[in-house]
Amino acid sequence: MNFGILGAGSIAGTMAETIQTLNKSGRKDISLYAVAARELPRAQAFATQYGVQNAFGSYEEMLADPALDLVYIATPHSHHYQHIKLCAAHGKHVLCEKAFTVNARQAAEALRYAKEQGVLVTEAIWTRYQPMRQMIRQVLDEGLIGTPGLLTANLCYPVSDRPRIVTPALAGGALLDVGVYTLNFAEMVFGPADEAHASCTRNELGVDMTDQIVLTWKDGRAAHLTAGVTVASDRCGCIYGDRGYLVVENINNPQSISVYDADHRLVRQLSCPAQLTGYEYEVLETVRCIREGKTECPSMPHSETIHIMELMDRLRAQMGVTYPCEGLE
């Protein structure tokens, strides 16, 4: 399967490394076929660095190549809607970085259009595809911490010097960039929340810099989430039960699970299985589903993508954060 990358930034580089490493590990059926950037020299430099077969100076030119099968979208959030539809219009399957789009209306329309074109589209939020997701669930199902009732998670990086993070036109801010991971972590454990409340601090352009989010469920469960782009945090997720609690190291790419009893004694520790980069799971599931003729991936079905976008729409409305790219143009 010929794999293309739309965009040539740092996250695109990680994906290129992933495909390279998959090839070296024996997966020769996925070819690092093409990369496209807005300027040809940038695409050529990327291709040289990562061993990509073809470089294009426009997205349309790459998508017009009939040999291209699957495209990874690595552009800013503000452009995902446009680029998903562009890929689908050319009959290309899509693996699109999170946040999937800017809002739920864009997500629903992009997915409707892709279905009409008969192509698979899935959101590349890697924690949904990784085996640690199931390992966390297995520990909870064993009852080691009893009945879970409270969850906390935080994810903060000092990245406010990057234009895409702080610019409204690029759909910047903490929520769409890192807060989305805290929401996915909470709902992978507790399911869809019944209520959601948020507050934030904003920069001079009106973009959220730190977010405080509380999710609640009618049965009394709650999640307290923090996301930010001005400081570094420990990135931990904790799930608390009536017999103990567990700590997940790095909710952005879980590396270990530590289980404690009610007296704070460590009773079990599990490590993340060896990874290539952590992106390989989303790639392999996407390729498998394309070959099976599916139009979505079970690890992140379209209904979940739209739900998370709807949830973030509600939170942004409470925080007073808007973007100029909210439409369906």
Side-chain angles (χ1 to χ4, degrees), residues 98-100 123-141 144-159 165 173-201 208-217 219-242 244-260 264 269-272 278 299-300 304-305 307-312 314-316 318-319:
K98 60 82 206 160
F100 187 69
E123 184 177 2
I125 180 155
W126 58 341
T127 52
R128 287 270 185 167
Y129 302 82
Q130 292 173 342
M132 285 293 277
R133 173 183 181 179
Q134 298 305 323
M135 292 171 67
I136 293 168
R137 173 51 53 195
Q138 288 168 8
V139 170
L140 294 174
D141 289 346
L144 289 179
I145 67 168
T147 302
L150 178 65
L151 178 151
T152 60
N154 73 82
L155 191 64
C156 304
Y157 296 98
V159 291
I165 295 293
L175 183 63
L176 266 61
D177 198 69
V178 291
V180 63
Y181 284 111
T182 68
L183 295 171
N184 273 275
F185 179 78
E187 294 209 343
M188 280 192 286
V189 175
F190 281 171
D194 294 308
E195 293 189 27
H197 302 277
S199 62
C200 74
T201 63
D208 57 307
M209 295 286 96
T210 57
D211 302 339
Q212 300 79 42
I213 301 167
V214 177
L215 305 179
T216 56
W217 287 258
D219 61 7
R221 292 173 298 161
H224 298 259
L225 314 174
T226 302
V229 293
T230 61
V231 298
S233 72
D234 62 18
R235 308 175 300 177
C236 282
C238 298
I239 306 166
Y240 308 92
D242 54 5
Y245 57 95
L246 66 82
V247 179
V248 177
E249 177 194 356
N250 187 9
I251 63 164
N252 187 30
N253 181 17
Q255 294 301 299
S256 69
I257 304 168
S258 301
V259 184
Y260 298 86
H264 312 291
Q269 190 156 29
L270 301 171
S271 296
C272 175
S299 291
M300 191 57 175
E304 280 296 294
T305 287
H307 165 70
I308 291 294
M309 292 309 311
E310 290 174 337
L311 178 55
M312 292 196 294
R314 289 158 53 197
L315 297 174
R316 281 199 300 114
Q318 294 175 20
M319 296 188 296

Self-check item: Residues Thr152, Tyr240; criterion side chain to side chain contact (heavy atoms under 4.5 Å, CB included); working and verdict
Solution: CA-CA 8 Å; Thr152 60; Tyr240 308 92; 3.2 Å; yes

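- In this structure, the side chain of Arg137 engages the main chain of Val189 through a donor-acceptor pair within 3.5 Å.
- Taken to the nearest 0.5 Å, the CG atom of Leu246 stands 7.0 Å off from the CD1 atom of Ile136.
- Checked options Leu225, Asp211, Leu183; the residue passing with Leu315 is Leu183 (criterion: side chain to side chain contact (heavy atoms under 4.5 Å, CB included)).
- Taken from CZ in Arg235 to OG1 in Thr226, the straight-line distance is 15.5 Å, to the nearest 0.5 Å.
- Using a 30° and 60° split on the angle between ring planes, Tyr260 and Tyr245 fall in the parallel class, below 30°.
- Between Ser256 and Glu249, the shortest heavy-atom contact is OG-OE1, 2.9 Å.
- The two residues Val229 and Ala174 come nearest to each other via the heavy atoms CG1-CA, 3.8 Å.
- Distance check: Tyr181 OH to Asn253 CG gives 9.0 Å after rounding to the nearest 0.5 Å.
- Remark: of the listed residues Thr127, Asn154, Val178, Thr182, Thr182 is the sole one forming a side chain to side chain contact (heavy atoms under 4.5 Å, CB included) with Ile251.
- For the atom pair CD of Gln130 and CD of Gln255, the computed distance is 8.0 Å after rounding to the nearest 0.5 Å.
- A salt bridge is defined here as a Lys NZ or Arg NE, NH1 or NH2 lying under 4.0 Å from an Asp or Glu carboxylate O, and Glu123 with Arg128 fails to meet this definition.
- Distance check: Asp141 CG to Gln134 CD gives 9.5 Å after rounding to the nearest 0.5 Å.
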Quiz item: Can Ile308 and Glu187 be said to form a side chain to side chain contact (heavy atoms under 4.5 Å, CB included), step by step?
Solution: CA-CA 9 Å; Ile308 291 294; Glu187 294 209 343; 4.0 Å; yes

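- Side chains of Tyr157 and Asn252: a donor-acceptor N/O pair is present below 3.5 angstrom, by distance only.
- Nearest approach of Gly179 to Ala227, heavy atoms of both residues: CA-CB, 3.5 Å.
- Judged by distance alone, the side chain of Arg133 and the main-chain N or O of Met188 form no donor-acceptor pair under 3.5 Å.
- Taken to the nearest 0.5 Å, the CD atom of Glu304 stands 10.5 Å off from the CG atom of Leu311.
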Practice problem: For side chain to side chain contact (heavy atoms under 4.5 Å, CB included), just list the numbers for Tyr129 and Ser299, CA-CA rounded to whole Å, side-chain angles, deciding distance to a tenth of an Å, and then say yes or no. | Solution: CA-CA 6 Å; Tyr129 302 82; Ser299 291; 3.6 Å; yes

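- Using modelled atom types, one side-chain atom of Asn184 and one backbone atom of Val180 make a donor-acceptor pair closer than 3.5 Å.
- Residues that satisfy the salt bridge (charged side-chain N to carboxylate O under 4.0 Å, His left out) test with Arg316, not counting sequence neighbours, are Asp313, Glu326.
- Contact record, Ile239 with Ile145: O-CD1, 3.6 Å, taken as the closest heavy-atom pair.
- Minimum heavy-atom separation, Arg314 to Asp194: NH2-O, 4.3 Å.
- Met319 approaches Asp208 most closely through the heavy-atom pair CE-OD2, 4.2 Å.
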Practice problem: Quick one: do Val231 and Thr210 satisfy side chain to side chain contact (heavy atoms under 4.5 Å, CB included)? Show the steps, please. | Solution: CA-CA 9 Å; Val231 298; Thr210 57; 5.5 Å; no

